[in-house]
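Notes follow the structure.
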Amino acid sequence: MEKDADGFYTPATTGPAVTLEDKPAEPALVVPPETDLIKSNFEVTVTLADQQADPNSPLYSAKTFEELGLHQDLLKGLYDIGFSKPSKIQERALPLLLANPPQNMIGQSQSGTGKTAAFVLTMLSRVDFSKNKTQALCLAPSRELARQIMSVVVAMGKFTQVQTEYAIKDNLPKGANQITAHIVVGTPGTMTDLMKRKVIDVSEVKVFVLDEADNMLDQDGLGDQTLRVKNMLPRTHPVQIILFSATFPDHVRAFADKFAPQANKIELQKEDLSVEGIKQFYMDCRDEQHKYDILVSLYQLLTIGQSIIFCQHRHTADTISQRMVAEGHKVASLHGAKDASERDSIIDNFREGREKVLITTNVIARGIDILQVNMVVNYDLPLMNDRGRQFSEDTKPDVETYIHRIGRTGRFGRKGISINFVHNKNTWLQMEQIEKLLGKKIIRIETNDLDDMEEKMKKALK
Ligand SMILES: Nc1ncnc2c1ncn2[C@@H]1O[C@H](COP(=O)(O)OP(=O)(O)OP(=O)(O)O)[C@@H](O)[C@H]1O
């Protein structure tokens with residue numbers, strides 16, 4: 001088959017699929033919890049049920065999971081992990097995703113509103129567990145996110161026969177030369193490698209998911225590798241292509257449309273991109289040294305819940321974490337230059353609350369879901385790199401990354417705080433552009449009044 005100018009093969013789009021949902025859903029065997037309370041560290045209680053009953057909330061749904069046509073084994077899995085009602089994206093996307101013949105999907109919804117369940121339930125619904133063949137592939141931009149997605153597959157698939165395998169660096173059992181797991185989750189480089197070496201037999205793959213799809217398709221980033229994976233998929237039968245993200249900037253939309261042709265689309269309005277529960281602040285610092293001093297003075301507040309500090313460069317993350325540790329503070333740093341096993345243990349420690357402050361780069365800006373994170377600090381604002389498409393200068397802010405970074409807090413109706421450090425005219429202007437583009441006020445906090453800061457923060461977390 002010929003590739004076109006963008007490197008695409010023309011895929012088939014419709015056809016039969018063996019699906020679990022062909023069997024009618026029976027009533028759930030497990031009774032979902034009646035209320036679902038979210039506790040923050042400031043002892044404020046938010047009732048998730050209230051938000052899920054508000055039609056204006058992205059967590060709202062008029063339906064139950066039973067009404068979405070899921071197999072009872074998956075309903076059991078959902079109730080087992082405490083999901084009682086779908087969110088808006090789940091309610092809207094699942095019927096489209098599960099319909100036959102399968103159709104592609106480009107789905108957008110705010111950070112922390114439950115996109116993962118939508119695509120994980122689709123993969124689990126489409127797998128024929130009686131076949132020991134790989135039938136669904138899922139790609140994510142980082143190993144940390146791939147591991148998190150896998151944990152959701154395993155949890156939601158607990159009452160099924162699903163077998164899973166990773167396609168992430170240094171994770172395959174030694175000597176493994178054939179993967180037959182039903183669902184393979186990984187990062188694009190390793191997935192390509194395993195497919196090329198025929199370790200993964202893709203001849204029966206029928207679902208291909210890209211989480212953080214705009215990032216995965218960006219031609220200045222992972223786009224080439226992702227396309228390579230797609231072009232190795234079978235062309236003997238249709239493969240359902242599913243793209244999800246909180247952001248789809250204009251420069252990837254056209255490519256996404258070609259990547260997932262004739263897709264059903266669920267889109268957000270620009271003014272709805274950020275989550276209501278996240279209050280955005282900034283602090284006016286004098287210079288780089290002052291930024292560091294302010295971060296240290298914030299330490300008490302950072303450790304009330306958990307916090308993620310985002311830096312532009314790996315060496316900044318290392319430098320400030322080393323300085324803080326030397327001064328007696330407990331912080332961890334995580335970035336892509338660390339080796340695989342170290343990365344795994346750092347994120348696991350943070351996830352389990354053994355570390356409270358994580359200093360990092362954009363590597364975990366997307367997708368990472370740790371409910372106790374109630375504060376995000378943009379130590380450096382995210383910037384478009386100099387190859388950025390929609391901007392010609394490298395000093396323009398990267399609004400999408402900003403949305404994803406602050407979205408590490410305020411998950412599924414929780415409250416959260418983000419603080420930007422600005423320290424000169426450029427960073428001020430960059431932040432102003434972000435503020436304009438998102439249409440949300442970013443409130444100033446005095447750098448020399450810790451009490452005022454604490455007051456404002458407590459209020460924001462109420
Ligand atoms: N229906 C539900 N009921 C209760 N909790 C839910 C439900 N759906 C998702 N959640 C929880 O909400 C949190 C956020 O979900 P998820 O990580 O899928 O968000 P997302 O939309 O993928 O966000 P991001 O854009 O940041 O990747 C998770 O902790 C998840 O377990």
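Remember, it's 1-based here, ligands and their atoms both numbered in the order they're listed. The basis for the numbers below is simple: all heavy atoms, side chains too, and nothing from hydrogens, waters or symmetry mates.
Taking a 4.0 Å cut-off on heavy atoms, Phe244 fails to register as neighbouring ligand 1. Ligand 1 has Gly112 within reach: a non-hydrogen atom of the residue lies less than 4.0 Å from it. Residue His404 places no heavy atom under 4.0 Å from ligand 1.
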Could you walk me through whether Thr160 and Asp73 pass side chain to side chain donor-acceptor pair (under 3.5 Å), step by step?
CA-CA 6 Å; Thr160 72; Asp73 291 345; over 6 Å; no
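Using the six-membered ring where Trp is involved, Phe119 and Phe244 have ring planes that are tilted, between 30° and 60° apart. Relative ring orientation between His315 and His313 is described as parallel, the plane-to-plane angle staying below 30° on a 0-90° scale split at 30° and 60°.
Both tests do not hold together for Lys456 against Phe281: distance to the six-membered ring centre under 6.0 Å, angle to the ring axis within 45°.
Between the choices Gln108, Arg411, Lys115, the shortest heavy-atom distance to atom 17 (O) of ligand 1 belongs to Arg411.
Of all the heavy atoms of Phe65, the ones lying under 4.0 Å from any atom of ligand 1 belong exclusively to the side chain.
Close contacts between ligand 1 and Ser111 involve ligand atoms 23 (O), 24 (P), 25 (O), 26 (O) [criterion: under 4.0 Å to a heavy atom]. Every atom of ligand 1 with a heavy atom of Lys85 under 4.0 Å away is listed here by number and element: 1 (N), 2 (C), 3 (N). When each atom of ligand 1 is checked for a heavy atom of Thr116 under 4.0 Å away, the hits are 16 (P), 17 (O), 18 (O), 22 (O). Those atoms of ligand 1 that come under 4.0 Å of a heavy atom in Leu371, given as number and element, are 29 (O). Counting atoms of ligand 1 from 1 in the listed order, those under 4.0 Å from a heavy atom of Gln110 are 21 (O). Applying the 4.0 Å criterion to heavy atoms of Glu212 picks out, from ligand 1, the atoms 27 (O). Close approach to Arg408 involves these atoms of ligand 1, each under 4.0 Å from a residue heavy atom: 26 (O).
Of the candidates Lys169, Arg351, Arg143, Lys338, Arg143 is the only one forming a salt bridge (Lys or Arg N to Asp or Glu O under 4.0 Å) with Asp344.
In this model, no donor atom of one side chain and acceptor atom of the other lie less than 3.5 Å apart for Thr427 and Gln430. Using modelled atom types, one finds no donor on one side chain facing an acceptor on the other under 3.5 Å when comparing Asn171 with Arg147.
Side chain of Glu355 to backbone of Asn349: no donor-acceptor contact under 3.5 angstrom is found.
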